[in-house]
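The block underneath contains the structure these notes are about, expressed in structure tokens.
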Amino acid sequence: MTDAYYPDISPLKTGLAGRCPRCGRGKLFAGYLTLAAGCSSCGLSYDFADGGDGAAWFVMLFVCVTGVGSILGVEVAYSPPYWVHGLIAIPLLVLLPLLLLRPVKGVLISQQWKTGAHEGRRQS
């Protein structure tokens, strides 16, 4: 009995697209951030996936640096009134994480599958 051949697909490509890390065709997510039970195309079970806080941490780090940098840059360059800061900062600090969280989570889960990473266990 031979196993099916699956091409070596980039975790970045499959994660950003929200596709199965093994075949690149089935959906990785059943909802906005909810993982599907498995791939509808190749049958890979997503039980290995540990979403954790990694994606949220990376997104938060990027958005905070970008957001605070933008706010400070606008303040130094133009010294606008506070309502302008609110007009720029609130959409930036709310929408950017919402746009980035799903693709980053997809990339981390795809990378986890590709490398065979799993939770650490003590050996007895």
**OP:** Any chance you could measure L93, atom CG, to M60, atom CE, to the nearest 0.5 Å?
**Re:** 12.5 Å
Original post:
Would you say the side-chain atoms of T34 pair up with the backbone N or O of A30, donor to acceptor, closer than 3.5 Å?
Top reply: no
Subject >> Backbone N/O of S10 and side chain of K114: donor-acceptor pair under 3.5 Å >> reply: no
Original post:
Taking all atoms of both residues into account, what is the closest heavy-atom pair of P103 and L16, and its distance?
Top reply: CB-CD2, 3.7 Å
Original post:
Are any of the side-chain heavy atoms of S41 and C20 separated by less than 4.5 Å?
Top reply: no
**OP:** Look only at the side chain of R22 and the backbone of Y6, and say whether a donor-acceptor pair between them is shorter than 3.5 Å.
**Re:** no
Subject >> Spatial distance of atom CG (L12) from atom OG1 (T14) [nearest 0.5 Å] >> reply: 8.0 Å
Original post:
Minimum heavy-atom separation for F48 to Q112, with atom names?
Top reply: O-NE2, 3.1 Å
Subject >> Minimum heavy-atom distance R102-Y32, with the two atoms named >> reply: CD-O, 3.2 Å
**OP:** Decide yes or no for F58 and L100: does some side-chain heavy atom of the first lie under 4.5 Å from some side-chain heavy atom of the second?
**Re:** no
Subject >> Heavy-atom pair with the smallest gap, counting every atom of Y46 and K27 >> reply: OH-O, 3.2 Å
Original post:
Honestly curious: do V68 and L92 fall in one hydrophobic cluster under the side-chain, below-4.5 Å linking rule?
Top reply: no
Original post:
Closest heavy-atom contact between I71 and A89?
Top reply: CD1-CB, 3.4 Å
**OP:** Say whether V84 and V94 are linked into one hydrophobic cluster, either directly or through other cluster members, by side-chain heavy-atom distances under 4.5 angstrom.
**Re:** no
Original post:
Would a hydrophobic clustering, with Ile, Leu, Val, Met, Phe, Trp and Tyr connected at side-chain separations under 4.5 Å, put W57 with V63?
Top reply: yes
Subject >> Side-chain heavy atoms of I9 within contact of S110, under 4.5 Å >> reply: no
Original post:
Is a side-chain donor or acceptor of R19 paired with a backbone partner of K13 at a separation under 3.5 angstrom?
Top reply: no
Original post:
Does one hydrophobic cluster hold both L101 and I109, with members joined at side-chain heavy-atom distances below 4.5 Å?
Top reply: no
**OP:** State, with a plain yes or no, whether a side-chain heavy atom of L28 is found less than 4.5 Å away from one of P21.
**Re:** yes
Subject >> Straight-line distance of T66 OG1 to L61 CG, nearest 0.5 Å >> reply: 9.0 Å
Original post:
Picking from L98, L99, V104, what satisfies side-chain contact (heavy atoms from CB on, under 4.5 Å) with V59?
Top reply: V104
Subject >> Pairwise side-chain contact, V74 with P80, heavy-atom cut-off 4.5 Å (strictly under) >> reply: yes
**OP:** Identify the two heavy atoms, one from A49 and one from L35, that lie closest to each other, and give their separation to 0.1 Å.
**Re:** CB-CD1, 3.4 Å
Original post:
Got a sec, which pairs hit side-chain hydrogen bond (donor to acceptor under 3.5 Å, both in side chains) with one end in residues 70-95, sequence neighbours left out?
Top reply: E75-H85
